[in-house]
Amino acid sequence: MSTLGIRRRTEWTLAMIIITLGLLPVVGTGQEEGADRIERVKRDELGSGQLALLSGRTVGVAIERWMLGGGLSLDRLPIDGDAFLVIHLRGGQLITVIGDERVLRQEGDYWSVPRDVVMAVETDDDSAVLEVTIVR
């Protein structure tokens, strides 16, 4: 399957999760990392709910939009608790550091972050927009 096919399939799957769970947008929390980063990190929860897996197990799923200002460097995304992340870079570009691997991400890229692994992010002069699916 081509990269475009995988991307469309992933977007379709996420859309079905949103529709199935009846997720609705809510007002953002505007979380910041330190006084010098006010209004440089904006976090909006697009929705959350429970998802029943075929195995009978239930997991919590939340979808958030993160807007990261230019020239930003975060040692970690401030996500509470133990979670598996699926991330889609919706706009801009940034550098991620996951474990010891440093990667330049481009608009449209998807990647995942395993539980108990920290992801650091850096933006250049431009801002970046992430769509983060959090599975607990």
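Nothing fancy with the numbering, it's 1 onward along the sequence. The figures here come from the full heavy-atom set of this structure, side chains too, leaving out hydrogens, waters and symmetry mates.
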Quiz item: Taking the hydrophobic residues Ile, Leu, Val, Met, Phe, Trp and Tyr, and joining any pair whose side-chain heavy atoms are under 4.5 Å apart, which ones share a cluster with Val118?
Solution: none

Quiz item: Can you name the residues that form a side-chain contact (heavy atoms from CB on, under 4.5 Å) with Ser127, not counting sequence neighbours?
Solution: none

Quiz prompt | Atom pair OG1/CG of Thr96 and Leu77 - distance to nearest 0.5 Å | solution = 10.0 Å

Exercise. Quick one: pull up CD1 in Ile134 and CG in Asp82 and give me the separation to the nearest 0.5 Å.
Key: 12.0 Å

Quiz item: Any ion pair linking Arg102 and Glu122 (charged N to carboxylate O, less than 4.0 Å)?
Solution: yes

Exercise. Could you give me the CA-CA distance, side-chain angles and deciding distance for Val117 and Phe84, then say whether side-chain contact (heavy atoms from CB on, under 4.5 Å) is met?
Key: CA-CA 9 Å; Val117 175; Phe84 172 79; over 6 Å; no

Quiz item: How many angstroms lie between atom CD1 of Ile87 and atom OG1 of Thr133, to the nearest 0.5 angstrom?
Solution: 9.0 Å

Self-check item: Flag, side chain of Arg105 to backbone of His88, donor-acceptor distance under 3.5 Å
Solution: no

Quiz prompt | Arg136: salt bridge (charged side-chain N to carboxylate O under 4.0 Å, His left out) partners, not counting sequence neighbours | solution = none

Quiz prompt | Spacing of Glu64 atom CD and Asp44 atom CG [to the nearest 0.5 Å] | solution = 9.0 Å

Quiz item: With sequence neighbours excluded, what pairs up with Asp116 under the salt bridge (charged side-chain N to carboxylate O under 4.0 Å, His left out) test?
Solution: none

Quiz item: Between the side chain of Arg40 and the main-chain N/O of Gly70, is any donor-acceptor distance below 3.5 Å?
Solution: yes

Quiz prompt | Derivation and outcome, side-chain contact (heavy atoms from CB on, under 4.5 Å), residues Leu53 and Val59 | solution = CA-CA 8 Å; Leu53 304 177; Val59 295; 4.0 Å; yes

Practice problem: Please check if Ile98 and Leu72 belong to a single hydrophobic cluster, counting links between Ile, Leu, Val, Met, Phe, Trp and Tyr side chain heavy atoms closer than 4.5 Å. | Solution: yes

Exercise. Rounded to the nearest 0.5 Å, what's the gap from OG1 on Thr123 to CG on Leu94? Could you check?
Key: 7.5 Å

Quiz prompt | side chain to side chain donor-acceptor pair (under 3.5 Å) partners of Arg65, counting only residues at least two apart | solution = none

Exercise. Please report the C-alpha distance between Trp66 and Val129 in whole Å, then the side-chain angles of each, then the deciding distance to 0.1 Å, and finally whether the side-chain contact (heavy atoms from CB on, under 4.5 Å) criterion is met.
Key: CA-CA 6 Å; Trp66 289 70; Val129 179; over 6 Å; no

Practice problem: For Gln106, enumerate each residue passing the side-chain contact (heavy atoms from CB on, under 4.5 Å) test, keeping only those at least two apart in sequence or located in another chain. | Solution: Gln93, Leu104, Asp109

Quiz item: Nearest 0.5 Å, what's the OG-CG distance between Ser73 and Leu68?
Solution: 11.0 Å

Exercise. Run through Val86, Leu89, Leu85 and flag the one making a side chain to side chain contact (heavy atoms under 4.5 Å, CB included) with Trp111.
Key: Leu89

